[in-house]
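Notes to accompany the following structure.
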Amino acid sequence: MRPQILFPLFAAIESLHGIGPKIARLIERLAGPKALDLLWHLPSGVIDRRRVVTLREAQPGGIVTLTLRIDGHIWGSSTRAPHRVRASDPTGTIDLVFFHAQAKWLETTFPIGQTRIVSGRIEQYQGSLQMPHPDRVGTLQEREAIAVVEPIYPLTAGLQPRTLAKVIADAVARAPELPEWQDPAWLQRRGWPSWQDALRRAHAPGDAADLLPVAPARQRLAYDELLANQLALALFRRSTRQRPGRPTKGDGSLREKVESALPFALTNAQRLALTEIYADMAAPNRMLRLLQGDVGSGKTVVALLAMLAAVEDGRQAALLAPTEILARQHRETLAALLQPVGLEPGLLTGRDKGKVRKETLAGLADGSIRIAVGTHALFQESVEFADLAVAVIDEQHRFGVHQRLQLSAKGEGVDVLVMTATPIPRTLQLTAYGDMEVSKLTEKPPGRTPVDTRAVSAERIDEVVAGIGRHLASGGKAYWVCPLVEESETSDLAAATDRFDDLRRMFGEKVGLVHGKMKAAEKDAVMAGFAEGGIDLLIATTVIEVGVNVPAATVMVIEHAERFGLAQLHQLRGRVGRGDAASRCILLYSPPLSETSRQRLATIRETEDGFRIAEEDLRLRGAGEVLGTRQSGLPEFRVADIDSQGDLLAVAKDDVALILNKDPELEGPRGQALRTLLYLFEHDSSAKYLRAG
């Protein structure tokens, strides 16, 4: 289905001029396997060779272009000694220095008595000017080709800059004239060039300003990529919603009993979210909704009531968690909430074997397990549901789109509700979750106490340890979080195992350790000891960042707090303040602090508003780091820079809505051009949702 006009761009790197297998492998490692990939490998710098000067004007350390007469050759006394080409202009002399160069090439390139244009970096050596290995050498006739602004591309080991530049130039030359997919008035208003002109300008910057995200050529290409992203998401979302669903309404009998037994009233935000979810479930099309709620905002209760609507209709529901610890905790939480209606949730994890697993699989298949909780194990082919109506996916940023589709494929017309406790800035929400409707929980249930957050220098760690001792002696529980599992030769960060050894010697058996390298059974045993008794001080890595619920724990110490992102600090702090007792979070930092670290710690102390924290985290760290691009399923843009061009994303989303409203199947002239755009940015899978034409 890919348009034939794009075929040359999808050819292998080896099809480009003068590229053999070895160079092709290096370029593929750097940019990708196709000519198209080189179009998006944009320059990261420039070298301005337009400064043609005399030797008197040349300053050591700078790159200059000189017009020189070749005066002679000074051959090295050994193979290790450099060869010097003595050259001059009316204002002075210079040596062009070469190591390991062939004599014949030197004599041919620099014939005595002739004039050459030479460009490179000037140095001073023993009081004289020299230029080691000039970058460019040519005759007077080649002066214009040498005295230019030269793009500098990101490289990989073994690949020469000139080789890469030539290959990219060949790829850019292959770029065809394409029908315009952007609105002409929009292009004129922004002062943007056509696609092909933008591509050429981006690869031939006139100066350093042309490398900036605000440069017209860069903005044009970035907007093309963002428009393709939003169009692909919109088509995927439309396709998902057009698939027939099965209306789920329920009679409210189970929900009424569970809600009336809650020890608190639902917040207005929870009620609004439930209204939106129930409306989606009752509709004939499938639900695809993101439930975004801060730490402690009550997402689990909302998810349970949504699942009970399915159970009231005689069908099943499933809740997927990213870790076994979180899955078991969800199961216990749901079991307690479901007591008034006598329902027992099932549990399926990768650790379940033998008879237990067999019984769980049978219960899912015959429908006797009405609500299932599990990890990735729920995806497995051997897992069958009698009639799955709704799938709830917790901590969505740990799963990709394909995984949520796998679970929703376990039934007919399954509704999907995904949840995250990581408040997502609007920019990231558009890129990662643009295919979903969004509900937000912006209130916390009554009874949650604010956490007293303080930043303390690591120089006062003895005082902090003494305070922890007093807290434990009074019957309290505490967390102590370290950034590493074990000591590293390349890092001076605190290691959880070392801190555990230190504090275990001081406080004895009441100190426990949990980290990601432990076996699941070991982690579960330690977490159970911390929740139920025996362990009062839990030393941990960020494995406890999400979902751990021990209301009795009221102190959180985060060591090397300056090394964590804001969202992560907020998640960790959310492990305390979960009951009605006063709670404290101590941010241990190692001075001196960078300005970014100082702002980060100031923000976390000032507010517990996760949405404000998320926006500030995006500002300080950038989109790629906020959730962790690979873990979050965030698209990795080739041209667009979300940190500085994020404002274009919302414009692209609105543009797509207008486009699809006027031309739903992209069959008009602009629509056909937009189909080409989808393939240009390799959204082939979304293009298939359009009618052929």
If every non-hydrogen atom of [X] is compared with every non-hydrogen atom of [Y], which pair is closest and at what distance?
{"X": "Ser382", "Y": "Leu361", "answer": "O-CD2, 4.1 Å"}
{"X": "Ala391", "Y": "Val414", "answer": "N-CG1, 3.8 Å"}
{"X": "Glu559", "Y": "Arg499", "answer": "OE2-NH2, 2.5 Å"}
{"X": "His330", "Y": "Asp394", "answer": "NE2-OD2, 2.7 Å"}
{"X": "Ala228", "Y": "His683", "answer": "O-CD2, 3.6 Å"}
{"X": "Leu308", "Y": "Arg255", "answer": "CB-CG, 3.7 Å"}

Do Trp40 and Phe681 have their ring centres less than 6.0 Å from each other?
yes
For the atom pair [atom1] ([X]) and [atom2] ([Y]), what is the distance rounded to the nearest 0.5 Å?
{"X": "Met287", "Y": "Glu437", "atom1": "CE", "atom2": "CD", "answer": "11.0 Å"}
{"X": "Leu231", "Y": "Leu226", "atom1": "CG", "atom2": "CG", "answer": "12.5 Å"}
{"X": "Glu608", "Y": "Cys585", "atom1": "CD", "atom2": "SG", "answer": "9.5 Å"}
{"X": "Leu272", "Y": "Thr267", "atom1": "CG", "atom2": "OG1", "answer": "9.5 Å"}

Determine whether [X] and [Y] make a side-chain contact, defined as any pair of heavy atoms from C-beta on separated by less than 4.5 Å.
{"X": "Val576", "Y": "Val555", "answer": "no"}
{"X": "Asp313", "Y": "Thr248", "answer": "yes"}
{"X": "Leu678", "Y": "Leu235", "answer": "yes"}
{"X": "Leu538", "Y": "Val511", "answer": "no"}
{"X": "Val526", "Y": "Met518", "answer": "yes"}

Is the Lys NZ or Arg CZ of Arg573 less than 6.0 Å from the centre of Tyr479's six-membered ring, within 45° of the axis?
no
Cation-pi, Phe530 ring and Lys477 (6.0 angstrom, 45 degrees):
yes
Go through Arg328 and Glu332 one step at a time and tell me if the salt bridge (charged side-chain N to carboxylate O under 4.0 Å, His left out) criterion holds.
CA-CA 6 Å; Arg328 292 184 182 280; Glu332 291 168 17; over 6 Å; no
Taking the side chain from Gln292 and the backbone from Ser439, do they hold a donor-acceptor pair closer than 3.5 Å?
no
Exceeds 12 heavy-atom contacts within 6.0 angstrom, atom CD of Glu276:
yes
Which of these passes side-chain contact (heavy atoms from CB on, under 4.5 Å) with Leu304: Val392, Thr333, Ile371?
Ile371
Assess whether salt bridge (charged side-chain N to carboxylate O under 4.0 Å, His left out) is satisfied between Glu384 and Lys410, documenting all intermediate values.
CA-CA 7 Å; Glu384 292 183 6; Lys410 291 288 182 182; over 6 Å; no
Give the intermediate values and the outcome of salt bridge (charged side-chain N to carboxylate O under 4.0 Å, His left out) for residues Glu259 and Arg271.
CA-CA 11 Å; Glu259 188 179 334; Arg271 293 196 181 282; 2.9 Å; yes
Start with the C-alpha distance between Lys34 and Glu682, add both sets of side-chain angles, then the distance that settles salt bridge (charged side-chain N to carboxylate O under 4.0 Å, His left out), and finish with yes or no.
CA-CA 12 Å; Lys34 305 176 296 298; Glu682 299 183 82; 3.2 Å; yes
Atom pairs and distances, side-chain donor-acceptor, residues 343-350, under 3.5 Å, sequence neighbours left out:
{"from": "Glu344", "atom 1": "OE2", "to": "Arg331", "atom 2": "NH2", "distance (Å)": "2.1"}
{"from": "Thr349", "atom 1": "OG1", "to": "Arg351", "atom 2": "N", "distance (Å)": "3.3"}
{"from": "Thr349", "atom 1": "OG1", "to": "Asp352", "atom 2": "OD2", "distance (Å)": "3.4"}

